[in-house]
Amino acid sequence: MKNLIDVQNLSLKFKTDEGLITAVDNVSFSIAQGEILGLVGESGSGKSVTAKSIMRLNPGNAVYSNDTKVFLNLEGQDPIDIMQLKTAKEMKVARGGAISMIFQEPMASFAPAISIGDQMVEQLLIHTDYNAKQAKKYSIEMLDRVGISDADKRFSQFAFELSGGMRQRAMIAMALSTKPKLLIADEPTTALDVTIQLQVIDLMKDLVKEFGMAILFITHDLGVIAQTADKVAVMYLGKLIEKGEVRDVLRNPSHPYTQGLIDALPRLDNLDAPLKAIKGDIPSPLERPNGCIFHTRCPKDMVTACRNIVPDFTALNPKHEAACHLINKEATS
Ligand code: SF4
């Protein structure tokens, strides 16, 4: 499968009064057409900043490293490095054109005083050749397609008039109406009831098949990843620490942090088993540990290298790799 997105050496710092704060450090991954990549990690791990970098949506105090590359590979075109796009016109391809984004809280995506339909039509007028009549017809079709009943009536309603699940569907309809090649979904199910969560996940999987698009699915919930993703990348304090096929990583987690995330999940087959939390808290980005970024919380931090040398990725199989000195024996011997 051809890679739709190739993120290479993404590093980003924010300029603040306290100085430059590292938010993402040398992150690389790719997503093929029709593939779902889950990006997991605790709050503050840099998942959302990474996702927003693909659309260059981070605030103005974000400083990218010079070797950051985000290639968008569209059929029949030369690769586009999104980091090199300059004008608003050039950026259209990455913002609502080939790439769309949905958020945890749909209210943040819809303007409260403009009807859902008018917002969908406006987006289509910007990104497609539709006239206003065609855009309205297609918007209603999309609302219907994502399972919103009485779509023509909902078209004229405002976001606050819809239930949480329906708002989420309307946001997905709006994001998909421009037929993006990549949908970035930032915690899209976190604020929903479990039953609605399942409906939204099923809907997204159906749409991947129907539209052949790729999804970058951001969540802190490994259960959602297991149900949804083909591949998973685990992030901690701005760094990727393990990545691979979802089955490999979840069945054979090799980085102590991934193992900790999995051990912390409640087990329905043994309700008496105590929950095992990962000790401590994610450090402040102002106090990033030297060496392995996880060493201040790692139960296996026993080798000197852990505190002094940043571990490289080591392949566990051709599609699964993790960055830990205990795997990379050469660093510890
Ligand atoms: Fe733990 Fe050391 Fe591996 Fe880091 S490199 S995860 S500190 S064992």
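Each ligand, and each atom within it, is numbered from 1 in the order the structure gives. Remember, predicted model here, so these are calculated numbers, not experimental data.
Between R297 and E42, at least one side-chain nitrogen of the basic residue sits less than 4.0 Å from a carboxylate oxygen of the acidic one, meeting the salt-bridge criterion. Salt-bridge check for E161 with R154: failed, with every basic side-chain N at 4.0 Å or more from each acidic carboxylate O.
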Could you walk me through whether E245 and H320 pass the side-chain hydrogen bond (donor to acceptor under 3.5 Å, both in side chains) test, one step at a time?
-> CA-CA 6 Å; E245 302 269 305; H320 181 190; over 6 Å; no

Stepwise side-chain hydrogen bond (donor to acceptor under 3.5 Å, both in side chains) test for N73 and N3 | CA-CA 7 Å; N73 299 304; N3 285 335; over 6 Å; no

Show the numbers, then the answer: is there a side-chain hydrogen bond (donor to acceptor under 3.5 Å, both in side chains) between N26 and S11?
-> CA-CA 5 Å; N26 205 19; S11 295; 4.7 Å; no

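If you check which protein heavy atom lies closest to atom 1 (Fe) of ligand 1, you get C298 SG, 2.3 Å. The nearest protein atom to atom 5 (S) of ligand 1, hydrogens excluded, is given as H325 N, 3.2 Å; this is a heavy-atom distance. For atom 4 (Fe) of ligand 1, the closest heavy atom belonging to the protein is C292 SG, 2.3 Å. Remark: minimum distance from atom 3 (Fe) of ligand 1 to any protein heavy atom is reached at C324 SG, 2.3 Å.
Proximity to L326 (heavy-atom distance under 4.0 Å) selects the following atoms of ligand 1: 8 (S). Listed by atom number, the atoms of ligand 1 under 4.0 Å from H295 heavy atoms are 7 (S). Close approach to H255 involves these atoms of ligand 1, each under 4.0 Å from a residue heavy atom: 6 (S). For ligand 1, the atoms sitting less than 4.0 Å from at least one non-hydrogen atom of K300 are 8 (S), numbered in the order shown with element in parentheses.
A heavy-atom distance below 4.5 Å is not found between the side chains of V70 and S53. Using a 4.5 Å heavy-atom cutoff, the side chains of M101 and K52 are in contact.
With a cut-off of 2.8 Å, atom 2 (Fe) of ligand 1 has an N, O or S atom of C306 in range.
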